[in-house]
Amino acid sequence: MDEKKLQEELQHHVRHTLLPLFNRYGLDYSDLESVLKWKPIVLVIGNYSSGKSTLINELIGQNIQRTGQAPTDDSFTILTSHGRAEGEREVPGSTLVNDETLPFGRFKAFGEQFIAHFRLKKVDVPFLENMALIDSPGMLDAVTEKDRGYDYLAVLGEFAKLADLVVLMFDPHKAGTISETYTAIRSTLPDTSGEDRIVFVMSRIDECDNLSDLVRSYGTLCWNLSQMTGRKDIPTIYVTYAPDAAEPSEILSVWREERDLLKKKIFSAPGFRVNHILQDIDRQVNELQLICEAMSTFSGMGRTMLAGFGKFALAAGVAAFFLTEPIVKALTGIPEEPMISALLKGTVTMQHLWLPLTGVAIVCFVSWLFFTRWSFPRLVRKCQARRAGLVNLDSSYRKNLWTKVEGRVDALLSRARLADLGGVHGRNLNRITRFLGMDLQDYYNKIR
Ligand SMILES: Nc1nc2c(ncn2[C@@H]2O[C@H](COP(=O)(O)OP(=O)(O)OP(=O)(O)O)[C@@H](O)[C@H]2O)c(=O)[nH]1
Ligand SMILES: [Mg+2]
């Protein structure tokens, strides 16, 4: 199936089936909305002077991005065929973050300094019609937010959420020793982008004096990566060089194929888009399911309690119906003719009934007051205190998601009303479970 059509179909499905539920449970779905909004994105990040802009220029076939040996570029630049108006070659950040049709509205929060370092360049090459490349300022050592004027790593994280492929570049001189790179790999990227979306690249290999120098640099990068990712298995690292900048040599001819693989991977990014969207939907709907499951368990507990309380109130009501009158009569001497004797004579009128019914009404009122003012708030407090017990946390995946949503559950519980004891959460849970089990699976099958 055509990827673009599938994306539209998904967008429609999400809007109609899921958004009302996200709203109902107050779950932020702006990440998902942003991803659904626009075209596939490849984000190129890495050390300063690792060859990011050179690679982008090569892919595009034009010298569009400035390159240089020192930290050269301090802007995030989107390169795509998109243009707001005909003839407009460059769109400033202020326009990008205010354009509803683009997924960059959230970047406004990073402030003026960031917006001044954000832009879109319109490039008329066919492959950029259905995708966008993002060039980024190089990662540096010993910089603070103050130096950059905005939170660079947070910005990187936001772009990584949108990107279908994150190309992370190193060069042999600084094979993974830059502090911003360390933080990006250690925390920013794992939180925002799936592991399968990150491509590690060692560029500028022509600058290695010989093969053993190259092997040493490669080994250093592997070692540093394993330290940074905390994983024992080393991910694939593509090795590459820029043909225009490199002196031709025998070593390079061996790596030509690998360069081609990297380029192929980048050009095939639009193919990962639907998978990326499905992964995001999967994660967000699983979060929603956890919240709904917690609320459904809570409402089940509330209903059980209400049923028990109902039985008690019924028994108390029956007792009140028959006992109110004798008690009042014993205390005050009225009424003259008790309801029971009128009942036996078959002469019962409203006059005989008002006292027993008042007794029943008082019991109902007191029971209701007791339930709403004491039992229900107590149940809410109990569920808030032991909220992890409301859901099934049988896998580390669910435990991870739970840490993200338990605050939301707490907030929903603190606003719980008696209406929450109806079947609405159970029905919503069924809808969500059906979506995850059937609809989403169907979409996964379509892209296989
Ligand atoms: N020898 C050689 N030089 C390269 C290669 N790739 C890039 N260069 C050079 O390295 C320098 C840095 O390249 P850029 O593309 O500007 O690097 P960058 O990662 O965009 O750098 P910043 O934008 O500053 O972060 C430039 O002078 C390029 O000509 C390569 O494969 N081999
Ligand atoms: Mg650059």
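Just so you know, ligand 1 is whichever comes first in the structure, and atom 1 is the first atom listed for that ligand.
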**Prompt:** N/O to N/O below 3.5 Å, does that happen between Tyr48 and ligand 1?
**Reply:** no

**Item:** Under 4.0 Å to a heavy atom of Tyr241 - the qualifying atoms of ligand 1, by number
**Value:** 31 (O)

**Request:** Looking only at distances, please establish whether an N/O atom of ligand 1 is found under 3.5 Å from an N/O atom of Gly51.
**Result:** yes

**Message:** Taking the side chain as everything from C-beta on, heavy atoms only, tell me whether Phe76 gets closer than 4.5 Å to Arg119.
**Reply:** no

**Message:** Quick check on Trp38: does its CH2 atom have over 12 non-hydrogen neighbours (other residues, nucleotides or ligands) under 6.0 Å away?
**Reply:** yes

**Request:** Could you list the atoms of ligand 1 found under 4.0 angstrom from a heavy atom of Gly138?
**Result:** 25 (O)

**Asked** Arg66 to ligand 1: N or O pair under 3.5 Å?
**Response** no

**Request:** Verify the distance test for Thr67 against the Mg ion (ligand 2): any N/O/S atom under 2.8 Å, yes or no.
**Result:** no

**Nitrogen or oxygen of Ala242 less than 3.5 angstrom from that of ligand 1** = yes

**Asked** Is Asp135 in polar range of ligand 1, meaning some N or O pair under 3.5 Å apart?
**Response** no

**Prompt:** Can you list the atoms of ligand 1 that are under 4.0 Å from a heavy atom of Asp206?
**Reply:** 1 (N), 2 (C), 30 (C), 31 (O), 32 (N)

**Fill in**
The atoms of ligand 1 lying under 4.0 Å from a heavy atom of Glu207, numbered in the order shown, are 1 (N), 2 (C), 3 (N)

**Message:** So for ligand 1, is Ser49 a polar contact partner (N or O within less than 3.5 Å, distance only)?
**Reply:** yes

**Prompt:** Are the aromatic ring centres of Tyr152 and Phe114 under 6.0 angstrom apart?
**Reply:** no

**Message:** Less than 6.0 angstrom from the centroid, inside 45 degrees of the normal: does Arg408 satisfy that with respect to the ring of Tyr25?
**Reply:** no

**Minimum side-chain heavy-atom gap Tyr397-Arg283 below 4.5 Å** = yes

**Asked** ligand 1 and Ser203, any nitrogen or oxygen pair closer than 3.5 angstrom?
**Response** no

**Request:** Could you check whether the rings of Phe370 and Trp374 sit parallel, tilted or perpendicular, using 30° and 60° as the cut-offs?
**Result:** parallel

**Region of Thr67 that comes within reach of ligand 1 [heavy atoms, distance under 4.0 Å]** = both

**Request:** Determine whether the aromatic ring centres of Tyr443 and His13 lie less than 6.0 Å apart.
**Result:** yes

**Request:** Decide if the gap between the ring center of Phe118 and the ring center of Phe159 is smaller than 6.0 angstrom.
**Result:** yes

**Request:** May I ask you to check whether Lys52 has an N/O atom sitting below 3.5 Å from an N/O atom of ligand 1?
**Result:** yes

**Request:** Assess the side chains of Thr80 and Lys39: does a donor N or O sit below 3.5 Å from an acceptor N or O?
**Result:** yes

